[in-house]
Amino acid sequence: MSLNNLAIEYRAELPTAQEFERLFRSSGWTEALEVTADRLAATLPHAWYAVCARRGGQVVGTGLVLSDGVLHALIVNVIVMPEMRGNGIGTEIMKRLVARCQEVGMLQVQLFSARGKRSFYERLGFVARPDDGPGMELGGPR
Ligand SMILES: CC(C)(COP(=O)(O)OP(=O)(O)OC[C@H]1O[C@@H](n2cnc3c(N)ncnc32)[C@H](O)[C@@H]1OP(=O)(O)O)[C@@H](O)C(=O)NCCC(=O)NCCS
């Protein structure tokens, strides 16, 4: 899809609950289908930072950071609407999330790569943790 006729606008803002639900359910994360709208909406106030990409006012992508503001930041819910992917929107959202973390001197900026997205994050400078110091989780989606 060509974006020439309508530019993408990036803002440091949360999506609305409805926008977030639409993006989240388009993500392809099948386990996401089980989270109710109310519970999805309840996550938003916990974001430390967020970016929305809009085209003609309509949200086409988002990304959020959960953080203690000093030591740890976890980038979550980086999602671009399926029909808009492959145009650099996800990359621009990521750059803005990372820039904000760097601005405050955050010690660690981490994320969990979805399957098949490793190269996307590597291009942005992220490296997988070593085998003797891996990221770990208690169950959760694969
Ligand atoms: C991951 C995701 C956010 C990437 O968003 P995106 O807007 O497609 O990202 P970009 O366009 O910046 O980059 C995607 C690809 O398009 C290519 N690309 C970037 N700009 C481009 C352009 N102007 N023209 C053509 N291709 C381009 C990139 O090389 C990249 O290639 P890759 O698939 O090998 O990584 C999107 O695929 C998505 O929403 N997926 C579902 C949710 C998800 O899994 N999120 C990640 C959670 S960890």
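For reference, positions follow the sequence shown, starting with 1.
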Checklist entry - Is the backbone N or O of Arg55 less than 3.5 Å from a side-chain atom of Gln58, with the two atoms forming a donor-acceptor pair by type? => result no
Item to check | Listed once per pair and sorted, the ring-ring contact (aromatic ring centres under 6.0 Å, His included) pairs that draw on residues 8-38, sequence neighbours left out | outcome: Phe20-Phe24, Phe24-Trp29
Checklist outcome for this item: One should read off an interatomic distance between Asn77 CG and Ser27 OG, to the nearest 0.5 angstrom, of 8.0 Å
Checklist outcome for this item: CG (Leu66) and OG1 (Thr43) are apart, to the nearest 0.5 Å, by 8.5 Å
Checklist entry - Side chains of Met94 and Arg123: closer than 4.5 Å at any heavy-atom pair? => result no
Item to check | Verdict with reasoning, Arg100 to Glu103, per salt bridge (Lys or Arg N to Asp or Glu O under 4.0 Å) | outcome: CA-CA 5 Å; Arg100 179 65 188 134; Glu103 215 173 82; 2.4 Å; yes
Checklist entry - Looking at CG of Asn87 and CD1 of Ile8, how far apart are the two atoms once the value is rounded to the nearest 0.5 Å? => result 7.5 Å
Checklist entry - Is Leu124 close to Val98 at the side-chain level, that is, under 4.5 Å between some pair of heavy atoms? => result no
Item to check | Atom pair CD (Gln110) and SG (Cys101), whose distance is rounded to the nearest 0.5 Å | outcome: 11.0 Å
Item to check | Atom of Arg96, atom of Val51 and distance for their closest heavy-atom approach | outcome: CB-CG2, 3.9 Å
Checklist entry - Run the side chain to side chain contact (heavy atoms under 4.5 Å, CB included) check on Met106 and Trp48 step by step: do they pass? => result CA-CA 12 Å; Met106 197 77 70; Trp48 174 80; 3.5 Å; yes
Next on the checklist: Could you tell me if the side chain of Thr16 sits less than 4.5 Å from the side chain of Glu21, heavy atoms only?
Outcome noted: no
Checklist entry - Does the side chain of Val78 reach to within under 4.5 Å of the side chain of Leu97, using non-hydrogen atoms? => result yes
Next on the checklist: Would you say that Met81 contacts Val59 through its side chain, given a criterion of any heavy-atom pair below 4.5 Å between the two side chains?
Outcome noted: no
Checklist entry - Is it the case that more than 12 heavy atoms not belonging to Glu34 sit under 6.0 Å from its CD atom? => result no
Checklist entry - Quick one: side chain to side chain contact (heavy atoms under 4.5 Å, CB included) partners of Pro45, sequence neighbours excluded? => result none
Item to check | Flag side-chain contact, heavy atom, 4.5 Å: Leu64 against Leu14 | outcome: yes
Next on the checklist: The test is side chain to side chain contact (heavy atoms under 4.5 Å, CB included); show your working for Arg11 and Arg54 and say whether it passes.
Outcome noted: CA-CA 8 Å; Arg11 286 190 213 143; Arg54 292 180 185 280; 3.7 Å; yes
Checklist entry - Would a hydrophobic clustering, with Ile, Leu, Val, Met, Phe, Trp and Tyr connected at side-chain separations under 4.5 Å, put Val70 with Leu107? => result yes
Item to check | Value rounded to 0.5 Å, distance of CD in Gln18 from CG in Leu23 | outcome: 12.0 Å
Next on the checklist: Using the rule given for side chain to side chain contact (heavy atoms under 4.5 Å, CB included), can you reason through Ile89 versus Val60, listing the C-alpha separation, both sets of side-chain angles and the distance that settles it, and then say yes or no?
Outcome noted: CA-CA 9 Å; Ile89 298 171; Val60 293; 4.2 Å; yes
Checklist entry - Around Arg118, counting heavy atoms of other residues, nucleotides and ligands shown, do more than 12 lie under 6.0 Å from its CZ? => result no
Next on the checklist: For Ser67 and Leu74: C-alpha separation, side-chain torsions, deciding distance, then whether side chain to side chain contact (heavy atoms under 4.5 Å, CB included) applies.
Outcome noted: CA-CA 6 Å; Ser67 180; Leu74 182 67; over 6 Å; no
